[in-house]
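Below, chain A is the first sequence line, B the second, and so on; all start at residue 1. Since we're looking at a predicted model, the values are computed, not measured.
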Amino acid sequence: QDVKIGFVVKQPEEPWFQDEWKFAQEAAKEKGFTLVEIGAEDGEKVQAAIDNLGAQGAQGFIICTPDVKLGPGIVAKAMANDLKLMTVDDRLVDNAGNPIEDVPHMGISATKIGETVGQAIVDEVKKRGWDMASVGAIKVSYDQLPTAVDRVAGATSVLEANGFPAANIFNAPQAKTDTEVALNAATTVINAHPEIQHWVAVGLNDEAVLGAVRATESVGIPAANVVGVGIGGAESAINEFKKPSETGFFGTVIISPKRHGYETALNMYEWIANDAEPEKLILTSGQLATRGDYEQVRKDLGIE
Amino acid sequence: MAFLDFSGLSKSYPGVRALSDVGFSVPAGHVHGLMGENGAGKSTLIRILSGDTRADEGAIRIDGVEQRSSSARDAFDAGVVVVHQELQLVPDLSVAENLSLGRFPRRMGIVDFRALYAAVGRTLAEIGVDIDPRAKVASLSIGERQMVEIAKAVMIDARVIALDEPTSSLSSRESEILFRLIGRLREAGKIILYVSHRLDEIFRLCDGCTVLRDGQLAAHHPTMEGVTRETLVSEMVGREISDIWGWRPRQAGAVRLSVEGIAGTRVPEPQSFQARAGEILGFFGLVGAGRSELMRLVYGADPAAAGTVRIDGETLSPVTPRRAICAGLVLCPEDRKADGIVQGRSVAENIAISSRRHHSPMGLVRPSREAETADRFIASLRIRTPSRRQDIVNLSGGNQQKVILARWLSEPDVKVLIVDEPTRGIDVGAKAEIYEILYALAEKGIAVVVVSSELPEVIGICDRVLVMCERRIAAEFARGDLSEAALLAAALPDQATPRFAQKA
Amino acid sequence: MTATIKRILLGEQGLLVLFVLAFAVVSLTVPNFLTERNILGLLQSVVTIGIVACTMMFCLASRDFDLSVGSIVAFAGMVAVMVSNETGSIPLGLLAALLAGTLVGFVNGVVIAKLRINALITTLATMQIVRGLALIASDGRAVGINDPAFYSLALSRFFGVPTPVWIMAILFAIFAFVLNRTVFGRNTLAIGGNPEASRLAGVDVDWGRIGIFALQGLVCAVAGILLASRITSGQPNAATGLELSVISACVLGGVSLAGGRATMSGVIVGVLILGIAENVMNLLNIQAFYQYVVRGLILLFAVLLDTLRSRALGRR
Amino acid sequence: MTATIKRILLGEQGLLVLFVLAFAVVSLTVPNFLTERNILGLLQSVVTIGIVACTMMFCLASRDFDLSVGSIVAFAGMVAVMVSNETGSIPLGLLAALLAGTLVGFVNGVVIAKLRINALITTLATMQIVRGLALIASDGRAVGINDPAFYSLALSRFFGVPTPVWIMAILFAIFAFVLNRTVFGRNTLAIGGNPEASRLAGVDVDWGRIGIFALQGLVCAVAGILLASRITSGQPNAATGLELSVISACVLGGVSLAGGRATMSGVIVGVLILGIAENVMNLLNIQAFYQYVVRGLILLFAVLLDTLRSRALGRR
Ligand SMILES: Nc1ncnc2c1ncn2[C@@H]1O[C@H](COP(=O)(O)OP(=O)(O)OP(=O)(O)O)[C@@H](O)[C@H]1O
Ligand SMILES: Nc1ncnc2c1ncn2[C@@H]1O[C@H](COP(=O)(O)OP(=O)(O)OP(=O)(O)O)[C@@H](O)[C@H]1O
Ligand SMILES: O[C@@H]1[C@@H](O)[C@@H](O)CO[C@H]1O
Ligand SMILES: [Mg+2]
Ligand SMILES: [Mg+2]
């Protein structure tokens, strides 16, 4: 039997998903099945993608949904098309907001990854011996995306728990998730508080934090006075570490696109070909990578 | 000796043979008239000459050299300048820029505005037109814009100048300026092609003329010797027209339209007048006298600041075009391109747009009925179009005008009909028919108001005439008192007061 | 021979003929394309675009422009779900959504026609305002549907065809009729051809435009309700970028942005071309980044053909 | 008294007067607004929009439309970084980027002017194609800049003002001159004001339009290079949605979408209004969702004032 598996992601332009697809293709090559990559940016496209997969005779698909609340619709559509369903990165929830436990999921809790970011910042701030009370935090927020809200909230909760004054956490809202917008929003925040010498920055992903770091550079705050920690660990973060001199981008919490892409695809294949149902829930964890150790961390996670 | 020569020109559009095998030639230093019914192919011939359209067959030679213009630019370079039938100006640029568009005086790509204003100022003064070269074209009246177009032809040292109905929106005074200009150009040895529906102009200006009919050469007269009005009319229309006015006495009835103290931005002082059932009331005046503006206020096309409009004693307030139409007051506007035709829509649609509300139960249109109406007017007004489905922009100027007239003639319950320049660009044959229609409407008890800049027309068809001068109604004449001299005297402003016009 | 081909391809029905040809080619060459499932899936995937295109056609034909459609679709979907959840009554939810959509459209229309603000800017503004309201109302999160009966709107079928597809088809028929056979439709085209001349001919231009925008809002609400039902939740982020797809579909279908020209059959073909292109690219497993390029090329190619056709017909 | 106020506000310079007033109010009421740092930050934040608005003004003034600017900015930024990295020479990278931008603009222009395809559709298509190419070239990833000298483009300052702001100011001056004093600029306005008349007057309309699009591409490339330098990498998904911001700025500044009317001073004011609005909302810490609403309202309000003004001036 020819196995055909769909891999549907919410933001095909994002490097993260490029990587997931790349590793899923590795599994496909290994096991000799066909992997169909579809980008679906909203609920309607997801519906169309599932129909499309059904029509081309796929047996199952893995999805990172644009919105977790699409859960019931996705489950129903998958059933109607007789497709096996797994989720990756973001877990589907039902209408009451509870996770749909029947659907096998591999991912990471957004709050938890945010907390890892917060912890990394707290550790570094302590190491540099700054006075917590006089440090400012730039919170690059993108409230439209629930995952982003949870991540940032996770990070700031750790900051506050460690004695960071809530009044020093400044919001820099993004209207789009690119670096330029984050840069502009963060610049305003920094300029509004010229008295603050030391800055930390958190955000949805590496691009957001990079924007904040660029903002500090543009007003002439030295790199040593800035600690930004991103999420993702894709090219834009690695580029920072490759720069000849250190920047305010201290580190990034890398999540493994290899496990998320390769393993989910493999599990789906086993499920279809050998009726081996995957585990209902696999949680991966994020790992902090800095200028000093990013190569090692990437190797450990099996990227590269 | 230089000459312009057309040979075997043919041009077809889907469903229309606009020109077929037309050939004639014009020597230098001649003004040559080009005449024919609406849709005969005059503008097409001129558009081919200007490089705007290509002929399917045939050739144009100047001094024996075949012209292969495929753009306006090529034609310019060959020394051909054309003033098109529809105004071709850029409203937001200055008069000077419009006059030198495509040929700005420049240094390294930078416009030399000083030289430009000076040159244009000189040209305008030379031809006796009092317009500021720096004024935006948008602030000029139609007549003034037409003069700007014509000045274009003088600015360039062209060999061939073609004028397509240049006087259709000029007052007699401005026309005089134009005629003098043409005389000078002729003396300078230019070749001038002159399109007009006004026979007296042809006789006055032209050294020879050519008549087109249905796209074919109907007659060519190298000189005007022995050519009479009658011969030209019958060559154009294919039949004799004895008296184009055909006026007959009518009985004026009760007052149908009563305008009291109406005023607006461009008619500052309150104006009043009445029009009676069965009467044809003329409005005469020089360009910019405010006739069109007054009518637009009466019709509600522009908001009035004061005054009342009554139809059969019922007050319309405030007036909007829609209310006016419902009350039986309709206006056929002066500027057909801006206010008349609905571009991109068919002839039938353009006729039906207003009257269809009378026969569209529950908002549903009845295509068969609209088609019938359209076909009726296409036949009765002799609108030259391949079918009622033709897009109106593809019709010749005069035929567009007829379609707009048909729109208002098809309104069933009209009480007052205002027509602003009803025969602008219309051929003699059709003119007579339109007058006949106006008479019939008046005889049905409709009050007909005719705004016209053509003195003979006003005198020829009106029962009573109001003359406007500087945005005021200045005089009234009964039919018996109508004469060119009297009307002109009333229309001319006092020497003491400077003429209101130009710069807005 | 070539002349005949040219005549057929470039004739009045050229786009349709081309579409049929393309459809035939795709059916023969793309595996799994011409199956009942796939065609139904394809039709469902164009429901939102198709429905909104009906009124966008009117909007463009009257020389206006509406960028706020995507936001209205999302907003109306949210309203439908939230009101249904709140009141426990689906009909009330639907009614509220339809009213909300119409209201937004009406406001657009009044601002554009009465205050005479440029349509592009007005709807760009309402696009943001309405999206903001949807986000504020839901705190940026999707709202799940409580009563499963709401889903059946999208899941139910008649004669094997899903309800949303029927609704789209019915709206196509209705709006074709409205455009061609009602005074409203004919006036719309006249306004687009020459607004000033239409006004002087007694057409109520202002109210005509307001009517079109209000109708657009209503129809967007219908699309929003169906979308919410299909994706089983109200999503404040739904349908972003919808405006460009819908306008593309209309222009592909020969609606002139300069106003005054539109046909329903053209718009339907435009909608289907977009839908088929997406569908086929996914069936052929074309990579995401190449899909951008292909999408762009298809758009260009389709309009190029239409341009050639118009030119052959001697339109300007 | 009120008449005088009315005359000033609604006069030729009304937008400017209003802007100055609004600026004064904001300076007095919003804490931290009127500081050197903040103003410089604000100016830097509008560099991309400001630069691209220069040529978008020409595009709109000639009755065209360009949706592809955001993609060109991203693409040119990518090219600059990738070629610099590849060849080790920054000048070569910049040259390649400028060429790439100009080429895309040129293609837009040729397709629009020569093949006579609707500008909206053409640039919607190239917007996708070029974005696709940027993604394909970089495999969807950000490309880091190898040579730190590249950053100094954005970080360097003259007389305390960052280079990008200088560049924007110089472009403003150049394009104001080009619009008002050169044959190219006057022809642009003529083409937009009445394309038919311009053609008949012998203006080379086709090449004029092509020139405008090519220039637009070139200027987008400048913006792309500066952006890459500011964010120290080429990002294939940079500047999405830029087109709408830029068009808003132009229309706010009184550029008519119907063509034929544009002033550089207006466009500068439009750009600043947008920048100040964003800046102030962030300074006042307005919540993200409410920002949408506020942004929409500001847009409406600014255009409404301009409309009132035009009406008072008696333009139609
Ligand atoms: N672009 C076009 N498409 C189709 N038909 C056209 C087009 N241009 C002109 N025609 C037709 O060609 C014929 C000749 O038109 P033309 O404009 O030359 O007439 P004309 O003699 O100038 O008439 P008028 O006195 O009314 O200006 C008309 O029947 C007209 O409808
Ligand atoms: N849009 C405008 N802006 C400024 N002034 C205008 C405008 N339109 C008309 N005018 C001025 O108003 C005056 C009256 O023009 P109107 O068209 O009513 O005259 P008219 O007697 O009908 O003459 P005609 O129609 O033959 O030109 C003219 O002097 C003209 O310059
Ligand atoms: O959207 C994020 C993506 O950016 C990546 O970080 C993986 O998790 C997803 O939820
Ligand atoms: Mg003519
Ligand atoms: Mg008049």
Contact winner vs chain C - Asn350(B), Leu331(B), Ile404(B), Ile341(B), heavy-atom pairs under 4.5 Å: Ile341(B)
Between Cys332(B), Ser355(B), Ala301(B), Pro333(B), the one whose heavy-atom pairs under 4.5 Å with chain C are most numerous: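 Winner by heavy-atom pair count: Ala301(B).
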Among the listed options Ala201(C), Ser198(C), Gly185(C), Ala190(C), the residue most often paired with chain B at heavy-atom distances under 4.5 Å: Ala201(C)
Carboxylate-amine/guanidinium contact Glu372(B) Arg369(B), below 4.0 Å: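 Salt bridge absent between Glu372(B) and Arg369(B).
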Asp339(B) and Arg296(B) ion-paired at < 4.0 Å: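 So Asp339(B) pairs with Arg296(B) through a salt bridge.
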Toward chain C, the part of [X] with a non-hydrogen atom under 4.5 Å:
X	result
Glu349(B)	side chain
Leu364(B)	both
Ala338(B)	backbone

Distance-only polar pair, side chains of Gln390(B) and Thr385(B), donor-acceptor under 3.5 Å: no
Asn108(C) and Thr123(C): side chain donor to acceptor below 3.5 Å: no
Passing candidate, salt bridge (charged side-chain N to carboxylate O under 4.0 Å, His left out) with Glu370(B), options Arg376(B), Arg345(B), Arg356(B), Arg388(B):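 It is Arg356(B); the other options fail the test.
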